[in-house]
Amino acid sequence: MTDAPARPAEAAGPGGASPPAAGQTRKPPASPAAAVWRQFRSHTGAVVGLTVFAGLVVAILFGPLVWTVDPQLIDIRARNLGPTWAHPFGTDQLGRDLLARVLAGGRVSLAVGVTAMLLSLTVGTFVGVVAGYFHRLDGPLMRLTDLFLALPVLPLLLVLVMFFREPLAGAFGPEMGTFVLIVSAIGLTSWMQTARIVRGDVLVLKEREFVLASRSIGTPSRRMITRHVLPNVMSPIMVSATLGIASAIITESALSFLGLGFPPDFPTWGRLLFDAIDYIRDYPERVMWPGLAISLVVLSVNYMGDGLRDALDPRIRGR
Amino acid sequence: MLTFTLRRLLLSIPTLLAISLVIFLILELAPGDPVASMPLTIPPEVREKIRESLGLGAPFHVRYLLWLKAFFVTEPLHALDALLGTDFAAGSQRILSFQSRSPVFDIIAERLPQTLTVVGMAYLIGVLIAVPIGIISAYRQYSWFDQIGTLIAMLGYSVPTFFTGVLLIVVFSVHLGWFPSIYDTTLVVDSWDSFLLQVRQMTLPVAVLALYNAAQISRFMRASMLDNLHQDYVRTARAKGMGERVVVFVHVLRNSMIPVVTVVALGVPGVFGGAIITEQVFKVNGLGQLLITAIYGNDVPMVQTLTFIFAILIVLFNLVADVLYGLLDPRIRYD
């Protein structure tokens, strides 16, 4: 217990893991961020997850600069090829290069994941902070959260996408319209957990001395929230952010997989997997690349979330 | 406890009404038109007649109330009639599907057995695998068994079911040819051979879902066991000379099961609705597949009714989980 001096030594983690012998002398880290990073590094899975995720993101962002094949280019003579040097992942039934398509699909899937996560985080944090901070709004907002939690999410998402795809496609163009629709549908049906966690933390924070002190000198609510409350609930928000990317990517690919995602000529990982299913008897390897990509991203993000949760929990940190 | 249950039951009525209104509104605002896909040669006045015959003539609030009445009064009466051979609901309007023009609940009753056998079996197997794995992982924390269990659990809930399903199809039905990749609902189990066929076609979808469910539940089981293993009463039990077997299986296990039972209860609605993807992968024509075809076919009454049934199940099992928690743990009292 060298760092996190504010915490008593007997505070064990919620997992009840037997604490290793205390009293190892370590140099106290320079800042809280350094302490978090040190704890994060000690979680092997999290470090591997971070490396894999960073590698995939770099490949998806900069891969198309290196692998300059057009993902939409149809070369009907070269269709249904296995892996060759010209096409490392092979080609599909129209002769389009699968490596280029997986890279292009990754951009869309990641963009959907990150944007939907940001939306759900914004809504969740807003509802959580407002419900926790303003007692009068607590009841109604939490009933609303319960209502959303009782909604059958996947059926509703399917209905939303099926029925609202065309009008939005008319308004924003086919790709952008679907993007807006899917991102907002996922974002608006996944904010409830964040809101609940943030509300709980805000309720505890509100009774702390520094908040009372700040209120006693007349700090208005708005500044109170931005200066004192929000920075202190950042750690659960960061953890939900990480896990939110993973669940948004899974939901998007599930929608695409059911044929209710992006238009057919617009590759996303779920869509590529869905298209490959029809050829599974003859070219079973074609489902592997998009499937592996989805699984790797989700797995690495989940491991990162795990490590981040441990690292941001001051009761575990520094043991 | 009884007053708590009653209060929660009463409270769930406005929740359900709100949900039904949300579902109805979404479908109402949706621009899809059930007669839009009919041939253009139908003259406009006939088209209007068709719309009216589908029950679309009345304004929104009237149709909403009629649907609520049909859902909560007529359909239960019909079920009662079918069970007891009585005649309470004679002549009253049931909820009809736009696609097949037959009562929605009859179609649901046809599809329910497939979903229950495949998905329900998968959930059961998932729980049966998860509990022992959770116990051993917690008892031998950080052992190789625990490490492998953690890895598999992480894989189980990170890899989406549509990929595990496809992967199993590639390996076991394309390469090895052991199991069929398509679930045949017309199979009648009446002999040993057809039973074996049924088992073979159920293996892959059940394996996919069981892995997914076991991954989540085994994590809960492990965390809950770990919480209890370090409690004072465990030390007391050991100190007074209890055998290790008794300590783990009687003292710790019974206390650890409390949160796990509620988690298992919370997962039950997913058995009905959450397996949409797996049913689609293996072409099981259960409820999930029914929902997908209804959505594609613009079959509004079917979509409404199915989605609302899923919502009822979620609310109901939330309540069941809360009540179970109170019943199993005498320290928790809702008063």
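Residue numbers start from 1 in every chain, and the chains themselves are labelled A, B, ... in the order their sequence lines are given, proteins ahead of strands. As the structure is a computational prediction, the values presented were derived from the model and not from experiment.
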* Structure fact -> On a heavy-atom basis, the closest approach of B:Leu151 and A:Tyr303 is CD1-OH, 3.5 Å

Is it the backbone or the side chain of [X] that comes under 4.5 Å from a heavy atom of chain A, or both, or neither?
X: B:Phe308; answer: neither
X: B:Ile295; answer: both
X: B:Ile19; answer: both
X: B:Leu155; answer: both

* To do: Could you grab the distance from atom OG1 of B:Thr161 to atom CD1 of A:Ile250, nearest 0.5 Å is fine?
  => 8.0 Å

Chain B contact via [X] - side chain, backbone, both or neither, heavy atoms under 4.5 Å:
X: A:Ala150; value: both
X: A:Leu158; value: both
X: A:Ile249; value: neither
X: A:Phe148; value: neither
X: A:Leu273; value: side chain

* Sole residue of B:Ile309, B:Leu313, B:Ile314 in side chain to side chain contact (heavy atoms under 4.5 Å, CB included) with A:Pro152 -> B:Ile314

* Structure fact -> Only residue of B:Ile276, B:Ile23, B:Leu306, B:Val303 satisfying side chain to side chain contact (heavy atoms under 4.5 Å, CB included) with A:Pro155 is B:Ile276

* Interface residue of largest heavy-atom contact number with chain B, from A:Leu149, A:Leu160, A:Leu292, A:Asp146, under 4.5 Å -> A:Leu292

* **Greatest number of heavy atom pairs closer than 4.5 Å to chain B - which of A:Ser300, A:Pro290, A:Ala246, A:Ser253** => A:Ser253

Do other residues, nucleotides or ligands put more than 12 heavy atoms under 6.0 Å from [X] [atom1]?
X: B:Tyr64; atom1: OH; value: yes
X: A:Phe262; atom1: CZ; value: yes
X: B:Arg140; atom1: CZ; value: no

A side-chain contact here means heavy atoms from C-beta on lying under 4.5 Å apart; do [X] and [Y] qualify?
X: A:Ser295; Y: B:Pro160; result: yes
X: B:Ile26; Y: A:Val159; result: yes
X: A:Phe257; Y: B:Ile277; result: yes
X: B:Phe162; Y: A:Leu258; result: no
X: B:Val166; Y: A:Met288; result: no

* Who wins among B:Ala138, B:Ala311, B:Ser173 for the most heavy-atom pairs under 4.5 Å with chain A? -> B:Ala311

* Asked: Which is it for A:Val298 and B:Val159 under the side-chain contact (heavy atoms from CB on, under 4.5 Å) test, yes or no, and what are the steps along the way?
  -> CA-CA 7 Å; A:Val298 174; B:Val159 181; over 6 Å; no

